[in-house]
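One structure is given here, and the rest of the page talks about it.
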Amino acid sequence: EFVKSMNKAMKKINCDKIVAQRFPDGASESDEKQARNECDIMKKRIQGYIDRIAYGEKCGTDLACYTKTLEDKGDANTERAIYSMYRIARDNPAKTDEVVKVLMATLNNPSKMAMQANIFALDRLTPKGGKELVERIQEVWKEFSRQSTYKDRARMLEAFIGHVRARGR
């Protein structure tokens, strides 16, 4: 229901009208172009939020649906899938092991947002750490530390390894 009303509201956003209201006395071509671009960016962001909400409604509490999304490393809903899986496991401890297993398997997703979400979820779902988790983090860390493009991910994992090890003592 929310998605329907948001899609209806999105259709009503008229960037030309917004630009005209922003510059009632006219503006330079570059100012108008920038304002129109900002409006288009805003619409794309809102649409992204709507899409992720619709995706969450579609999957609900179905872990298999979220797992399928995580298998495609480029899926726009990856971050949403990770946070949704975390919430499911947090609210249903019987599912924690299953979720942790999936999150550990997909920790090597090169998306920075996916990695941050994954670290967030694993940190909270594994309060005692564990040898298996440390080994998986090290494995992914080695993979990313060899690639200059992903040095920042390697640093994130390095910090996470230290954090997990300290908790496990």
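Leu107 approaches Val140 most closely through the heavy-atom pair O-CG1, 4.0 Å. Here the closest heavy-atom approach between residue Ala27 and residue Glu32 is recorded as O-OE2, 3.7 Å. When all heavy atoms of Ile82 and Ala114 are compared, the closest pair comes out as CD1-O, 3.4 Å. Of all heavy-atom pairs spanning Asp51 and Asn77, the tightest one is O-OD1, 4.3 Å. Contact detail for Lys151 and Ser145: the closest heavy-atom pair is NZ-O, 2.6 Å.
Checked by atom type and distance alone, the side chain of Thr126 never pairs as donor or acceptor with a backbone atom of Gly129 at under 3.5 Å. The backbone N or O of Ile88 lies less than 3.5 Å from no partner atom in the side chain of Lys95, so there is not a single donor-acceptor pair. Checked by atom type and distance alone, the side chain of Arg87 never pairs as donor or acceptor with a backbone atom of Thr61 at under 3.5 Å. Side-chain atoms of Tyr66 come within 3.5 Å of backbone N or O of Gly60 as a donor-acceptor pair.
The CD atom of Glu98 sits 7.0 Å away from atom CE of Met85, with the distance rounded to the nearest 0.5 Å. The CG atom of Asp152 lies 9.5 Å from the CZ atom of Phe144; values are rounded to the nearest 0.5 Å. Distance CD/Glu132 to NZ/Lys101: 8.5 Å, rounded to 0.5 Å. Note that the CD1 atom of Ile50 and the OG atom of Ser5 stand 8.5 Å from one another [nearest 0.5 Å]. Interatomic distance, Asp97 CG to Leu125 CG, rounded to the nearest 0.5 Å: 10.0 Å.
In summary, of the residues considered (Met113, Arg52, Met115), a side-chain contact (heavy atoms from CB on, under 4.5 Å) with Glu79 occurs for Met113 alone. Among the candidates Asn108, Asn109, Thr106, Thr78, the single residue satisfying the side-chain hydrogen bond (donor to acceptor under 3.5 Å, both in side chains) test with Lys73 is Asn108.
The shortest side-chain heavy-atom distance between Met10 and Lys43 falls under the 4.5 Å cut-off. A 4.5 Å side-chain heavy-atom check between Leu133 and Ile137 finds at least one atom pair inside the cut-off. The shortest side-chain heavy-atom distance between Phe160 and Val164 falls under the 4.5 Å cut-off. Annotation: side chain of Val102 is not in contact with side chain of Leu63 (no heavy-atom distance under 4.5 Å). You'll find the side chain of Val99 stays beyond 4.5 Å of the side chain of Arg90, heavy atoms only. Counting only heavy atoms from C-beta outward, the side chains of Gln138 and Leu157 never approach each other to under 4.5 Å. You'll find the side chain of Trp141 reaches within 4.5 Å of the side chain of Glu158, heavy atoms only. Arg167 is not listed as a side-chain neighbour of Lys128, based on a closest heavy-atom distance of 4.5 Å or more.
Around CD of Gln116, the count of heavy atoms belonging to other residues, nucleotides or ligands within 6.0 Å exceeds 12. No more than 12 heavy atoms of other residues, nucleotides or ligands sit less than 6.0 Å from atom NZ of Lys33.
Residues Ile46 and Ile53 share a hydrophobic cluster, clusters being chains of Ile/Leu/Val/Met/Phe/Trp/Tyr side chains in contact below 4.5 Å. Both Phe120 and Leu122 belong to a single network of hydrophobic side chains, linked directly or stepwise wherever heavy atoms of I, L, V, M, F, W or Y lie under 4.5 Å apart. Placement of Ile13 and Phe2 within a single hydrophobic cluster is found when ILVMFWY residues are connected by side-chain heavy-atom separations under 4.5 Å, directly or transitively.
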Kindly list each side-chain donor-acceptor pair under 3.5 angstrom involving residues 17-26, sequence neighbours excluded, with atom names and distances?
{"unit_1": "Arg22", "atom_1": "NH1", "unit_2": "Glu38", "atom_2": "OE1", "d": "2.9"}

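No side-chain donor-acceptor contact under 3.5 Å links Ser84 and Tyr55.
A salt bridge links Arg136 with Glu139: the closest approach of a Lys/Arg side-chain nitrogen to an acidic carboxylate oxygen falls below 4.0 angstrom. Using a cut-off of 4.0 Å between Lys/Arg side-chain N and Asp/Glu carboxylate O, Arg36 and Asp16 are scored as salt-bridged.
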